[in-house]
Amino acid sequence: MSSTPLPSVPPQDAWTLTSHNLLPRWIPVSLSRQSTIPISISRVNQVDAARLDIEMSAMLKEQLVKVFTLMKPGMLFQYEAELDAFLEFLIWRFSIWVDKPTPGIALMNLRYRDERAVESRGKVRTGLEGPGLTVAQKLWYCIATVGGQYIWARLQSFSAFRRWGDTEQRPLARRLWILIQRIEGIYRAASFGNLLIFLCTGRYRNLIERVLQARLVYGSPNMNRAVSFEYMNRQLVWNEFSEMLLLLLPLLNSSSVRNLLRPFSKDKSSSSAEDSTACPICQATPIIPFVALPCQHRYCYYCLRTRCAAATSFRCLRCSEPVIAMQRHGGVSTE
């Protein structure tokens, strides 16, 4: 009997060598062996999260203002900056401080991650792992968002109330006003630059997040957007429809439309005598009866007078004949 040769056993690293040989030549080996899979975070989700947080603060403020509706008018306006700071502090206390996302960030399936710790680890595999913010980052976030906005709002209101910008006798106040304006201009320019960088890279929506290295990443890789735009679409449709009606309704002649639809009216049981005695405008018996000339149809004085004054080419609602004059029933005609 002829013995068949046994197949040779492949080496242990045969699969590894074959996989490397099948890789395209232009891909470096370092990229094929990397352990990090970069995932880009949607810029729309991040911007929508900020907008939803603003809307949430506005809703809370509206409910809180209703509590003080019976108090002295204008009293709450004096403490508007304190009220905004208090609401922002509450949102920070029960969300970021306890390692939870804000309402807007949670709806967009996002969370804050300490980007400095992620860079030092080097074991990220999906781009979503990483610890949350540290205690120092949380405190600095509160100081910058809550305290910084409050101090800046109060400083602007105080300087505007004291009219530092219009004061020429006190050079110190004028210099402080110029300094405030320059700081605001620098901050706006830096924010605009950060926005351009954010649109290019998708990291750090504002300067505070960039300074603190607090990046928004997905909270769960398998969860879609939790916001439905059905209500927004419906609202846009109705707004456009109402604007179209406001544009077209003044262009329509109500009397012409009524005359056009009169043959299709269901109320055909009234006699000709009742039609001739009732005012065709208000459908009531005229108290001061006047007739339109030359068709001699009876109207109320005020109904016929207002229609003739509103439209110079008013036509009779019964026969559609132009009304050139009006006359009291059994009296002298008036133009």
Side-chain angles (χ1 to χ4, degrees), residues 39-69 76 79-115 117-118 126-153 191 194-195 198-199 201-236:
I39 295 180
S40 60
I41 310 301
S42 175
R43 298 165 181 80
V44 177
N45 283 22
Q46 300 182 56
V47 176
D48 287 348
R51 187 62 188 174
L52 288 172
D53 285 335
I54 295 175
E55 295 293 337
M56 181 63 67
S57 300
M59 292 174 59
L60 293 176
K61 183 179 179 180
E62 181 181 0
Q63 298 299 323
L64 188 59
V65 168
K66 289 182 179 180
V67 179
F68 302 95
T69 52
L76 198 62
Y79 305 99
E80 186 175 4
E82 286 79 6
L83 180 61
D84 294 338
F86 175 70
L87 293 177
E88 292 293 336
F89 176 78
L90 286 181
I91 295 176
W92 171 84
R93 172 61 182 81
F94 294 102
S95 59
I96 296 178
W97 178 250
V98 293
D99 293 326
K100 293 182 179 180
T102 60
I105 294 177
L107 286 175
M108 292 292 105
N109 184 30
L110 299 173
R111 69 177 183 90
Y112 275 117
R113 183 180 71 181
D114 186 6
E115 199 69 7
V118 171
T126 64
L128 302 180
E129 291 85 354
L133 302 181
T134 61
V135 177
Q137 286 177 315
K138 296 174 184 177
L139 292 176
W140 280 113
Y141 186 91
C142 178
I143 293 172
T145 55
V146 181
Q149 292 181 4
Y150 168 72
I151 294 174
W152 187 254
S191 299
N194 180 81
L195 176 62
F198 168 73
L199 294 177
T201 61
R203 297 187 178 189
Y204 310 118
R205 299 172 300 175
N206 49 51
L207 293 175
I208 298 175
E209 294 179 357
R210 186 170 296 277
V211 172
L212 297 178
Q213 294 290 302
R215 185 188 176 189
L216 285 174
V217 295
Y218 290 123
S220 175
N222 299 322
M223 184 180 296
N224 297 324
R225 290 166 61 98
V227 175
S228 175
F229 292 96
E230 181 181 357
Y231 173 76
M232 184 182 297
N233 295 335
R234 186 166 61 249
Q235 193 73 12
L236 289 174

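- Taking OG1 of Thr102 as the reference point, atom OH of Tyr112 lies at 6.5 Å (rounded to 0.5 Å).
- We find the CD-CG distance between Gln137 and Asp114 to be 4.0 Å, quoted to the nearest 0.5 Å.
- The structure places CG of Leu83 at 10.5 Å from CD of Glu88, a figure rounded to the nearest 0.5 Å.
- A donor-acceptor pair under 3.5 Å links the side-chain atoms of Arg210 to the main chain of Arg203, judged by distance alone.
- The two residues Tyr150 and Ala81 have their closest heavy-atom pair at CD1-O, 3.7 Å.
- In plain terms, the two heavy atoms of Pro101 and Ser95 that are nearest each other are O-CB, 3.5 Å.
- Using a distance-only test at 3.5 Å, with no hydrogens or angles considered, a donor-acceptor pair links the side chain of Tyr218 to the main chain of Ser42.
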One pair to check against side chain to side chain contact (heavy atoms under 4.5 Å, CB included): Ile41 and Leu110. What are the steps and the verdict? CA-CA 9 Å; Ile41 310 301; Leu110 299 173; 3.8 Å; yes

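- Nearest heavy atom pair, residue Ile91 against residue Ser57, reads CD1-OG, 3.4 Å.
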Please test Val98 against Arg93 for side chain to side chain contact (heavy atoms under 4.5 Å, CB included), starting from the C-alpha separation and ending with a verdict. CA-CA 7 Å; Val98 293; Arg93 172 61 182 81; 3.6 Å; yes

Set out, in order, the CA-CA distance, both residues' side-chain angles and the distance that settles salt bridge (charged side-chain N to carboxylate O under 4.0 Å, His left out) for Arg111 and Asp99, then state yes or no. CA-CA 9 Å; Arg111 69 177 183 90; Asp99 293 326; over 6 Å; no

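- For the atom pair Phe86 CZ and Leu60 CG, the distance stands at 10.0 Å (nearest 0.5 Å).
- Judged purely by distance below 3.5 Å, without hydrogens or angles, the side chains of Glu209 and Tyr141 never pair a donor atom with an acceptor atom.
- Without hydrogens or angle criteria, Trp92 side chain to Lys138 main chain gives a donor-acceptor distance under 3.5 Å.
- Tyr204 approaches Ala214 most closely through the heavy-atom pair CD2-O, 3.6 Å.
- Closest approach of Phe198 and Arg43 over heavy atoms only: O-NE, 3.4 Å.
- Of the inter-residue distances, the one linking Ile143 atom CD1 with Ile208 atom CD1 reads 11.0 Å to the nearest 0.5 angstrom.
- Note that CG of Leu216 is 11.0 Å distant from CG of Asn109, once rounded to the nearest 0.5 Å.
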Evaluate side chain to side chain contact (heavy atoms under 4.5 Å, CB included) for Arg205 paired with Val47, printing each intermediate quantity in order. CA-CA 7 Å; Arg205 299 172 300 175; Val47 176; 5.6 Å; no

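- Checking side-chain atoms of Arg113 against main-chain N and O of Arg215 turns up no donor-acceptor pair under 3.5 Å.
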Would Leu207 and Ser191 count as a side chain to side chain contact (heavy atoms under 4.5 Å, CB included) if you check the C-alpha gap in whole Å, the side-chain angles of each, and the deciding distance to 0.1 Å? CA-CA 6 Å; Leu207 293 175; Ser191 299; 3.7 Å; yes

